[in-house]
Novice: 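Handing you this structure, nothing more for now.
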Amino acid sequence: MGQHLRRLREGYGYTLRKVEEKAFSLGESIDNSQLSRFEKGKALPSFDKLRALARIFNVSIQNFSDVLDLEEFEPFKPETDDYDALLTIGAQSLSRGEYGRAFVAYEKAVEVAERNEGPGQNDRLASARWSMATALKALGKLSMCEHELREILKLRNETKPGIQIRALLQLGSVYRELGDLCLAEVLVRESLALAVASTDAPAHATALNTLANIYETSDLTKALAFYERAHEVLAASGGANDQKLVVLTNLGGCLVKAGRFQEGLAKLQAVHGSAREYGYRRIAALSATRIGEAYLQHADVARASHEFAESDTLASDPAGPYHDILFLNAFHRWVGAKDDGNGTREKIAFGRLRHLRSLLERRFPEVDEFDRWVAKHRRFDHEHFA
């Protein structure tokens, strides 16, 4: 929490005294010595003080809740102060789906880059921030991720173009997950143009994949075209295995939605096998969910249930559970129980959904459908008992 407060303050260029003045103007007493203790980890702000700090730094209270959640990963922070070694540890943890461990490795890389002044400091700091933002996004901490990306974009004229392209692209992806598809598309198309101009194949493919994500809820034909182009770019450039498998997972799921069941299922099954072989836990979990959805579309409930159970096992690792994937699996069970008229199973699935929904900041169609159902029935209950 202390490190996060310091980064927020320095990001605004505020002194401790300036924050004290801002707090006073909001009717809250936070003197500069008190804030210094917060930043050094010697004291924890009360809820009222966090609320005032959230207003001063233009972040949500959820932002601070996320910070407290992340403190559970502090014991896994690497001891080394070697910047390159920290990035390597973070990348290895990220590829294994251990996003909390990746976060603390990248966070320490940011700290090391901040301390070591000299030529290339801004590039090192921006790279570490981008990596940390990637881990935060994977953990579902979208507001914190957005903050780190905006800090990178402030250095637009002081860092290499590649990191700026990735920050812009990641920011577009964050807005997509927050449900602002219009702004997401603007940012992703801008990053796509920059990636093509600079012949940055990984960023080019990621931009195409994100555009496909955006269109998948409204135009399957366009989405398929973008996924296929993303796969072609990666195949031609020899892109990383995990990036290829992510695109193929999305492509396979989209093919199933478009009615090309066998073709889509074959891709998903191939991805699932490769992801398990390489140890890409998140990709393996998501591909299992997509296979389950494909079987549901063909009314094969038994096979679908088996796939959702396998996905749950992969997504439930205490080292870093994937709440969005667990939500998807619970959502399909809930819908199935309602359709079957099985009240007990429906209540169990609904309770799990309520819990998982409270842990999600990102949005996707199943989240929106669940939210609408809850809002509708809340209104019905209120009107019925009024």
Novice: Identify whether the distance between the nearest side-chain nitrogen and carboxylate oxygen of Lys137 and Glu177 falls below 4.0 Å.
Specialist: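 Yes, Lys137 and Glu177 are salt-bridged.
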Novice: Applying a strict under-4.5 Å side-chain criterion to I, L, V, M, F, W and Y, I'd like to know whether Leu149 and Ile163 cluster together.
Specialist: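 Cluster IDs for Leu149 and Ile163 match.
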Novice: I'd like to know if Glu111 pairs up with Lys77 as an ion pair, taking the criterion as any Lys NZ or Arg NE/NH1/NH2 lying under 4.0 Å from an Asp or Glu carboxylate oxygen.
Specialist: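 A salt bridge links Glu111 with Lys77.
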Novice: Could you walk me through whether Phe350 and Trp373 pass ring pair (Phe, Tyr, Trp, His ring centres under 6.0 Å), step by step?
Specialist: CA-CA 11 Å; Phe350 180 79; Trp373 189 92; 5.5 Å; yes
Novice: Can you list the steps and then say if Tyr99 with Phe73 is a ring pair (Phe, Tyr, Trp, His ring centres under 6.0 Å)?
Specialist: CA-CA 10 Å; Tyr99 302 133; Phe73 299 112; 9.9 Å; no
Novice: Does the side chain of Arg17 reach to within under 4.5 Å of the side chain of Glu20, using non-hydrogen atoms?
Specialist: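 Contact flag for Arg17/Glu20 side chains = yes.
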Novice: Return the set of residues passing salt bridge (Lys or Arg N to Asp or Glu O under 4.0 Å) with Glu307 (not counting sequence neighbours), or none when no residue passes.
Specialist: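 Glu307 satisfies salt bridge (Lys or Arg N to Asp or Glu O under 4.0 Å) with no residue once adjacent residues are dropped.
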Novice: Which pair of heavy atoms, one from Ser191 and one from Leu169, lies closest together, and at what distance?
Specialist: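 Scanning both residues, the minimum pair turns out to be OG-CD1, 3.4 Å.
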Novice: Holding to salt bridge (Lys or Arg N to Asp or Glu O under 4.0 Å), I want the full list of residues that pass it with Lys141, two or more places apart in sequence or in another chain.
Specialist: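 Salt bridge (Lys or Arg N to Asp or Glu O under 4.0 Å) list for Lys141, sorted by chain: Asp66, Asp69.
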Novice: Would Lys154 and Glu151 pass as an ion pair if we require N to O under 4.0 Å?
Specialist: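 Looking at Lys154 and Glu151, the cut-off is met.
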Novice: Let's go through Asp81 and Lys108 carefully: what are the C-alpha distance in whole Å and the side-chain angles of both, what is the deciding distance for side chain to side chain contact (heavy atoms under 4.5 Å, CB included) to 0.1 Å, and is it a yes or a no?
Specialist: CA-CA 8 Å; Asp81 283 334; Lys108 188 161 185 184; 3.0 Å; yes
Novice: Honestly curious: do Leu70 and Met132 fall in one hydrophobic cluster under the side-chain, below-4.5 Å linking rule?
Specialist: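 Shared cluster, yes.
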Novice: How close do Ile165 and Ser198 get, counting heavy atoms only, and between which atoms?
Specialist: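 Taking Ile165 first and Ser198 second, the nearest heavy atoms are CD1-OG, 3.5 Å.
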Novice: Asn213 versus Phe226: any side-chain heavy-atom pair under 4.5 Å?
Specialist: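 Of all side-chain heavy-atom pairs linking Phe226 with Asn213, none is under 4.5 Å.
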Novice: Show the nearest heavy-atom pair for residues Ala133 and Cys145, with the distance to one decimal.
Specialist: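 Result for this residue pair: O-SG, 3.3 Å.
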Novice: For Glu310, is there an ion pair with Arg276 - N to carboxylate O distance below 4.0 angstrom?
Specialist: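 Salt bridge: yes.
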Novice: If you measure from the Lys or Arg side-chain nitrogens to the Asp or Glu carboxylate oxygens, is any gap between Arg6 and Glu10 under 4.0 Å?
Specialist: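 Salt bridge between Arg6 and Glu10, a charged N being under 4.0 Å from a carboxylate O: yes.
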Novice: Which Ile, Leu, Val, Met, Phe, Trp or Tyr residues join Leu314 in one cluster when any pair of side-chain heavy atoms under 4.5 Å counts as a link?
Specialist: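 Members alongside Leu314: none; it stands by itself.
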Novice: If you look at every heavy atom in Gly264 and Leu255, which pair is closest and at what distance?
Specialist: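 Minimum heavy-atom separation between Gly264 and Leu255: CA-CB, 3.7 Å.
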Novice: Do Lys338 and Arg333 touch side chain to side chain, with heavy atoms closer than 4.5 Å?
Specialist: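 Side chain of Lys338 against side chain of Arg333, heavy atoms only: no contact under 4.5 Å found.
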Novice: Is it true that the side chains of Asp31 and Ser33 contain a donor and an acceptor less than 3.5 Å apart?
Specialist: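 Yes, side-chain donor-acceptor contact under 3.5 Å.
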Novice: Is Glu39 paired with Arg9 through a side-chain N to carboxylate O contact shorter than 4.0 Å?
Specialist: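 Between Glu39 and Arg9 there is a salt bridge, with a charged N closer than 4.0 Å to a carboxylate O.
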Novice: Go through the steps for Ser46 and Lys49 under the test side chain to side chain contact (heavy atoms under 4.5 Å, CB included), then give the verdict.
Specialist: CA-CA 5 Å; Ser46 67; Lys49 286 181 171 35; 3.5 Å; yes
Novice: Looking only at heavy atoms, which two atoms of Val188 and Ala207 are closest? And how far apart?
Specialist: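 Closest approach of Val188 to Ala207, heavy atoms only: CG1-O, 3.4 Å.
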Novice: Can you name the side-chain hydrogen bond (donor to acceptor under 3.5 Å, both in side chains) partners of His332, sequence neighbours left out?
Specialist: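 With neighbours one apart ignored, the set is Glu293.
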Novice: Run the side chain to side chain contact (heavy atoms under 4.5 Å, CB included) test against Thr313 and tell me which residues pass, sequence neighbours left out.
Specialist: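 For Thr313, no residue satisfies side chain to side chain contact (heavy atoms under 4.5 Å, CB included) once neighbours in sequence are set aside.
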Novice: Is there a donor-acceptor pair under 3.5 Å between the side chain of His204 and the backbone N or O of Val196?
Specialist: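 Pair absent, no side-chain N/O of His204 close to backbone of Val196.
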Novice: Measure up the Phe327 and Phe331 rings against each other and bin them: parallel (under 30°), tilted (30 to 60°), perpendicular (over 60°).
Specialist: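 Correct class here is parallel.
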Novice: When you check the gap from the basic side-chain N to the acidic O, do Arg55 and Glu28 get nearer than 4.0 Å?
Specialist: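 No.
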Novice: Please determine, by modelled atom types, if Thr210 and Ser173 share a side-chain donor-acceptor pair under 3.5 angstrom.
Specialist: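 The answer is no; no qualifying pair exists.
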Novice: Check whether Ser237 reaches the backbone of Ala201 with its side chain - one donor and one acceptor, N or O, closer than 3.5 Å.
Specialist: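 Side chain of Ser237 to backbone of Ala201, a donor-acceptor pair under 3.5 Å: no, none is there.
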Novice: Determine whether Tyr106 and Trp130 satisfy the following criterion, ring pair (Phe, Tyr, Trp, His ring centres under 6.0 Å), listing intermediate values before the conclusion.
Specialist: CA-CA 9 Å; Tyr106 291 138; Trp130 181 82; 8.5 Å; no
Novice: Do Lys267 side-chain atoms and Gly253 backbone N/O form a donor-acceptor pair below 3.5 Å?
Specialist: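 It does not hold such a pair.
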Novice: Quick one: side-chain hydrogen bond (donor to acceptor under 3.5 Å, both in side chains) pairs with a partner in residues 343-354, sequence neighbours left out?
Specialist: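 Listed by first then second residue: nothing to list.
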Novice: Please determine whether a side-chain nitrogen of the Lys or Arg among Arg372 and Glu369 lies less than 4.0 Å from a carboxylate oxygen of the Asp or Glu.
Specialist: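 Not counted as a salt bridge, because no side-chain N and carboxylate O are separated by less than 4.0 Å.
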Novice: So that I can tick it off, tell me whether Asp324 and Arg357 are bridged by a salt bridge, with the cut-off set at under 4.0 angstrom between side-chain N and carboxylate O.
Specialist: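 The answer is no: the pair does not qualify as a salt bridge.
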Novice: Does the side chain of Tyr175 come under 3.5 Å of the side chain of Glu185 through a donor N or O and an acceptor N or O?
Specialist: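 Judged by distance alone, the side chains do not pair up.
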Novice: Can you tell me if Asp82 uses its side chain to pair, donor with acceptor, with the backbone of Asp84 under 3.5 Å?
Specialist: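 Checking the backbone N and O of Asp84 against the side chain of Asp82, a donor-acceptor pair under 3.5 Å is found.
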Novice: Report yes if the side chains of Leu187 and Arg176 come closer than 4.5 Å at any heavy-atom pair, otherwise no.
Specialist: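 A side-chain contact is absent here, since even the closest heavy-atom pair is not under 4.5 Å.
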Novice: Among Thr134, Asp200, Thr206, whose side-chain hydrogen bond (donor to acceptor under 3.5 Å, both in side chains) with Arg166 holds?
Specialist: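 The passing option is Asp200.
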Novice: Donor-acceptor pair, Arg124 side chain versus Pro119 backbone, under 3.5 Å?
Specialist: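 Checking the backbone N and O of Pro119 against the side chain of Arg124, a donor-acceptor pair under 3.5 Å is found.
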Novice: Please step through side chain to side chain contact (heavy atoms under 4.5 Å, CB included) for the pair Tyr227 and Leu208, ending with a clear verdict.
Specialist: CA-CA 7 Å; Tyr227 283 138; Leu208 291 169; over 6 Å; no
Novice: Determine whether Phe370 and Val367 make a side-chain contact, defined as any pair of heavy atoms from C-beta on separated by less than 4.5 Å.
Specialist: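 Result no, sub-4.5 Å side-chain heavy-atom pair not found.
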Novice: Identify the heavy atoms of Tyr83 and Ala128 that sit nearest to each other, and give their distance.
Specialist: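 Closest heavy-atom pair between Tyr83 and Ala128: OH-N, 3.7 Å.
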Novice: Is there a side-chain contact between Leu125 and Ile152 in this structure, where contact means two heavy atoms from C-beta onward sitting under 4.5 Å apart?
Specialist: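 Side-chain contact under 4.5 Å: no.
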Novice: Does Ala113 offer a backbone N or O that forms a donor-acceptor pair with the side chain of Gln121 under 3.5 Å?
Specialist: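 Side chain of Gln121 to backbone of Ala113: a pair is present.
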Novice: Under 3.5 Å, is there a donor-acceptor pair linking the side chains of Thr159 and Asp123?
Specialist: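 Absent: no donor and acceptor within the cut-off.
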Novice: So does Arg150 pair up with Glu146, basic N to acidic O under 4.0 Å?
Specialist: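 Judged by the 4.0 Å cut-off on N to carboxylate O distance, Arg150 and Glu146 do form a salt bridge.
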Novice: Ser274 side chain to Val271 main-chain N or O, any donor-acceptor pair under 3.5 Å?
Specialist: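 No, Ser274 side chain to Val271 backbone: no donor-acceptor pair under 3.5 Å.
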Novice: Sub-3.5 Å donor-acceptor pair from the side chain of Arg363 to the main-chain atoms of Leu178, do we have one?
Specialist: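 Not at all, since once roles are kept as given, no pair shorter than 3.5 Å links the two residues.
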Novice: Within a reach of under 6.0 Å around OH of Tyr278, are more than 12 heavy atoms found that belong to other residues, nucleotides or ligands?
Specialist: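 No, because the 6.0 Å sphere around OH of Tyr278 holds 12 heavy atoms or fewer from other groups.
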Novice: Are the side chains of Phe261 and Gln297 in contact, using a 4.5 Å heavy-atom criterion?
Specialist: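 Heavy-atom side-chain distance check fails, nothing below 4.5 Å.
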Novice: Using a 6.0 Å cut-off, check whether atom CD of Glu117 has over 12 heavy atoms from anything other than its own residue.
Specialist: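 Atom CD in Glu117 is not packed in, count stays at 12 or less.
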Novice: Is it the case that the side chain of Asn209 and the backbone of Ala205 share a donor-acceptor pair, with hydrogens and angles ignored and the cut-off at 3.5 Å?
Specialist: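 No, because the side chain of Asn209 does not come within donor-acceptor range (under 3.5 Å) of the backbone of Ala205.
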Novice: Evaluate side chain to side chain donor-acceptor pair (under 3.5 Å) for Thr289 paired with Asn329, printing each intermediate quantity in order.
Specialist: CA-CA 7 Å; Thr289 294; Asn329 298 337; 2.8 Å; yes
Novice: When you compare the side chain of Phe103 with that of Leu139, does any pair of heavy atoms fall below 4.5 Å?
Specialist: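 Yes; the side chains approach each other to less than 4.5 Å.
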